[in-house]
Amino acid sequence: MNSPARSLIGQTIMDDGPISFETFMEIALYSDVGYYQNEDIFGVAGDYYTSPHIHPIFASLCALQVEKMWKTMDRPSPFFIIEQGAGDATLAKDFSEAISILNQDLYSSLTYTCVDRRQIEIADDSHMEIVQSDYVAPFHRTGVLISNELIDSFPVRMIEVRDGEIFEIYVGIDTQGNFEEILIPITLDDYADFMPSNIRQLNGYRGPINTKMDDWYRNISDALNCGFVITIDYGFDREVFFSMEKSHRLLQTYYKHIDGSNPFQRIGSQDITAHVDFDTLKQSGYKYGFKEFGYFSQAEWLNSMGLDHLLRNLRKDSLEKSRIINLISGLNDISGLGGFKVLIQGKNVEHFDMRDLNANIFWPQELELPQVKNVHMANSKKLESRETKFF
């Protein structure tokens, strides 16, 4: 059955000839009939959860990190949080609530800008700006830019290595009207910044090339004049990313909490994502003035701010349901969300030491955490953690 997105891709190929996989993914996800135009793609009724949807503890610890960054920068005012790929604004809402509980001085200085291709519906809030765009405006602001599972959603090119030759995968239409892959020879020089020099030796390798990372850093370098970038996503270092172990496993689809690998099914109704090559991400950032300050697993990052301590206290509280504790534990489970990577970079903040930015900071025991809301998995009785796909 043809979906509007499938029909649009087919018509594009009929008009222009075979298209790159990157163009296919752009139309399937981001066109007017693409996946991200659908409602309720997050949460129980949607296709996946992200860390902010588990419990507001995640946003609270993000707020702790940002508060420490703000203090280390001598408490600038005004201070901006820019979240690109804000989705349904769950992180934004929980983060703002956490800051209002944690530090009123920071809260009064703060503007939180949500940037997303989708229209974000949110109640009036003097501390929030809503921008519907796939780019961040050249604000030249001081603050922190946050992205959570943004880079994996960038449309990617796909390559395959056969008998020492590198091919890029294009999408065409066969004689039965079905989509087919067409291999176009390329050279290492075509994507020299995005592939290792030994790529030809990986016979049979197939994986994504995310050239959009460069465009992203070029854009956000104009948005952030001074401050930090916190990038949270799933992926690998380059050595692992370009390995036969990960070959054919770096592009994924998600539909109703079920993951797969066939992007030509359910076009416009399923998400398509690609793991991130973090070494290339760092390299792209460095070109545009972003220095690496820290690189951790999500588990290491959250535990450095006291998540393990919070969990120990919750387990002592017999009133806390074990299901909720298990859900929160998923945030630092290295086999799941805890295995995500957190990259912290800075621009025009050369004199800081990462050990000063995330060491010995804990949510004050005397303060309540933000309230669990309907959007959080912790409030849902429909899914248990073992049944849920988080990314």
Side-chain angles (χ1 to χ4, degrees), residues 4-5 8 12 22-42 46-47 50 52-53 59 62 66 78-96 110-156 210-233 268 271-274 276 281 284-285 287-290 343 345 347 375:
L8 179 57
T12 302
E22 181 184 69
T23 300
F24 168 88
M25 191 169 168
E26 176 74 33
I27 298 173
L29 295 181
Y30 297 111
S31 68
D32 291 340
V33 291
Y35 172 77
Y36 282 102
Q37 294 301 315
N38 299 329
E39 296 183 0
D40 299 326
I41 61 176
F42 304 106
D47 299 310
T50 62
H53 292 99
C62 288
V66 169
F79 192 73
F80 294 89
I81 305 298
I82 305 168
E83 184 190 352
Q84 191 170 2
D88 62 354
T90 295
L91 177 59
K93 294 172 187 175
D94 288 347
F95 181 99
S96 296
L110 183 67
T111 297
Y112 197 116
T113 302
C114 297
V115 182
D116 200 279
R117 290 192 180 199
R118 291 162 51 97
Q119 178 63 46
I120 300 173
E121 301 294 338
I122 193 169
D124 290 341
D125 188 324
S126 61
H127 292 272
M128 285 195 183
E129 297 177 338
I130 306 298
V131 178
Q132 185 177 6
S133 175
D134 54 352
Y135 293 100
V136 182
F139 296 126
H140 303 290
R141 288 174 170 172
T142 295
V144 178
L145 188 142
I146 300 175
S147 73
N148 181 60
E149 297 194 51
L150 170 70
I151 311 301
D152 69 78
S153 70
F154 289 173
V156 294
N210 191 338
T211 63
K212 298 288 187 183
M213 293 189 293
D214 251 24
D215 298 333
W216 182 62
Y217 276 113
R218 185 184 301 112
N219 174 216
I220 67 172
S221 67
D222 291 328
L224 193 66
N225 181 57
C226 177
F228 295 91
V229 177
I230 302 174
T231 305
I232 307 166
D233 224 313
D271 195 13
I272 308 172
T273 72
V276 178
L281 185 69
S284 292
K287 286 193 293 185
Y288 293 98
F290 293 96
L343 174 62
Q345 298 162 298
K347 180 182 178 187
V375 71

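Just so you know, these numbers use all the heavy atoms, side chains as well, and skip hydrogens, waters and symmetry mates.
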* To do: Check the pair Thr211 / Phe154 against side chain to side chain contact (heavy atoms under 4.5 Å, CB included), numbers first and verdict last.
  => CA-CA 9 Å; Thr211 63; Phe154 289 173; over 6 Å; no

* Asked: Do Phe95 and Leu110 pass the side chain to side chain contact (heavy atoms under 4.5 Å, CB included) test, and can you show the C-alpha distance, the side-chain angles, and the key distance before you say yes or no?
  -> CA-CA 11 Å; Phe95 181 99; Leu110 183 67; 4.1 Å; yes

* To do: Determine, step by step, whether Asn148 and Thr50 satisfy the side chain to side chain contact (heavy atoms under 4.5 Å, CB included) criterion, reporting the C-alpha distance in whole Å, the side-chain angles of both residues, the deciding distance to 0.1 Å, and the verdict.
  => CA-CA 8 Å; Asn148 181 60; Thr50 62; 3.7 Å; yes

* Output, in order, the C-alpha distance, side-chain angles, deciding distance and verdict of side chain to side chain contact (heavy atoms under 4.5 Å, CB included) for His127 and Tyr112. => CA-CA 6 Å; His127 292 272; Tyr112 197 116; 5.6 Å; no

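Asp271 contributes atom CG, which lies 4.5 Å from atom OH of Tyr35 (distance to the nearest 0.5 angstrom). One finds the OG atom of Ser31 at 5.0 Å from the CG atom of Leu8 (value rounded to the nearest 0.5 Å). Between Glu26 atom CD and Thr12 atom OG1 the span is 11.5 Å, to the nearest 0.5 Å. Within the model, atoms CD1 of Ile146 and CD1 of Ile230 stand 5.0 Å from one another, a figure rounded to the nearest 0.5 Å.
When all heavy atoms of Leu91 and Ala59 are compared, the closest pair comes out as CD1-CB, 3.7 Å. Across all non-hydrogen atoms, the minimal contact from Cys114 to Ile120 is CB-CD1, 3.8 Å. Contact detail for Val156 and Met25: the closest heavy-atom pair is N-SD, 3.6 Å. Of all heavy-atom pairs between Asp152 and Val276, the closest is N-CG2, 4.0 Å. Of all heavy-atom pairs between Thr90 and His53, the closest is OG1-NE2, 3.4 Å. Closest of all the heavy-atom pairs between Ile151 and Asp233 is N-OD2, 3.0 Å.
Under the rule for a side-chain contact (heavy atoms from CB on, under 4.5 Å), the partners of Ser147 that lie at least two apart in sequence or sit in another chain are Leu150, Trp216, Thr231. Applying the side-chain contact (heavy atoms from CB on, under 4.5 Å) rule to Phe80 yields the partners Pro78, Thr111, Arg141; only residues at least two apart in sequence or on another chain are considered. Remark: Ser221 engages Tyr288, Phe290, Lys347 in a side-chain contact (heavy atoms from CB on, under 4.5 Å) (not counting sequence neighbours). Applying the salt bridge (Lys or Arg N to Asp or Glu O under 4.0 Å) test to Asp215 and every residue at least two apart in sequence or in another chain returns Arg218. Among residues two or more places apart in sequence or in another chain, the salt bridge (Lys or Arg N to Asp or Glu O under 4.0 Å) test is passed with Asp94 by Lys373. With sequence neighbours left out, the side-chain contact (heavy atoms from CB on, under 4.5 Å) criterion links Gln37 to no other residue.
When atom types are taken as modelled, the side chain of Arg118 and the backbone of Tyr36 share a donor-acceptor pair closer than 3.5 angstrom. Put simply, the side chain of Asp116 gets close to the backbone of Gly87: a donor and an acceptor are under 3.5 Å apart. Side-chain N or O atoms of Asn38 include one that pairs as donor or acceptor with a backbone N or O of Gly268 at under 3.5 Å. Side chain of Asp134 to backbone of Arg117: no donor-acceptor contact under 3.5 angstrom is found. When atom types are taken as modelled, the side chain of His140 and the backbone of Asn225 share no donor-acceptor pair closer than 3.5 angstrom.
Checked against Tyr217 for a side-chain hydrogen bond (donor to acceptor under 3.5 Å, both in side chains), the options Lys212, Gln345, Lys287 give a single hit: Gln345. Partner of Gln84 under the side-chain contact (heavy atoms from CB on, under 4.5 Å) criterion, chosen from Val229, Val136, Thr113: Val136.
With a 4.5 Å cut-off on side-chain heavy atoms, Val66 and Phe228 do not count as touching.
Between Glu83 and Lys93, none of the side-chain N atoms (NZ, or NE/NH1/NH2) sits under 4.0 Å from a carboxylate O, so this pair counts as no salt bridge.
For the residue pair Tyr30 / Ser153, a side-chain donor-acceptor distance below 3.5 Å is found, with atom types taken as modelled.
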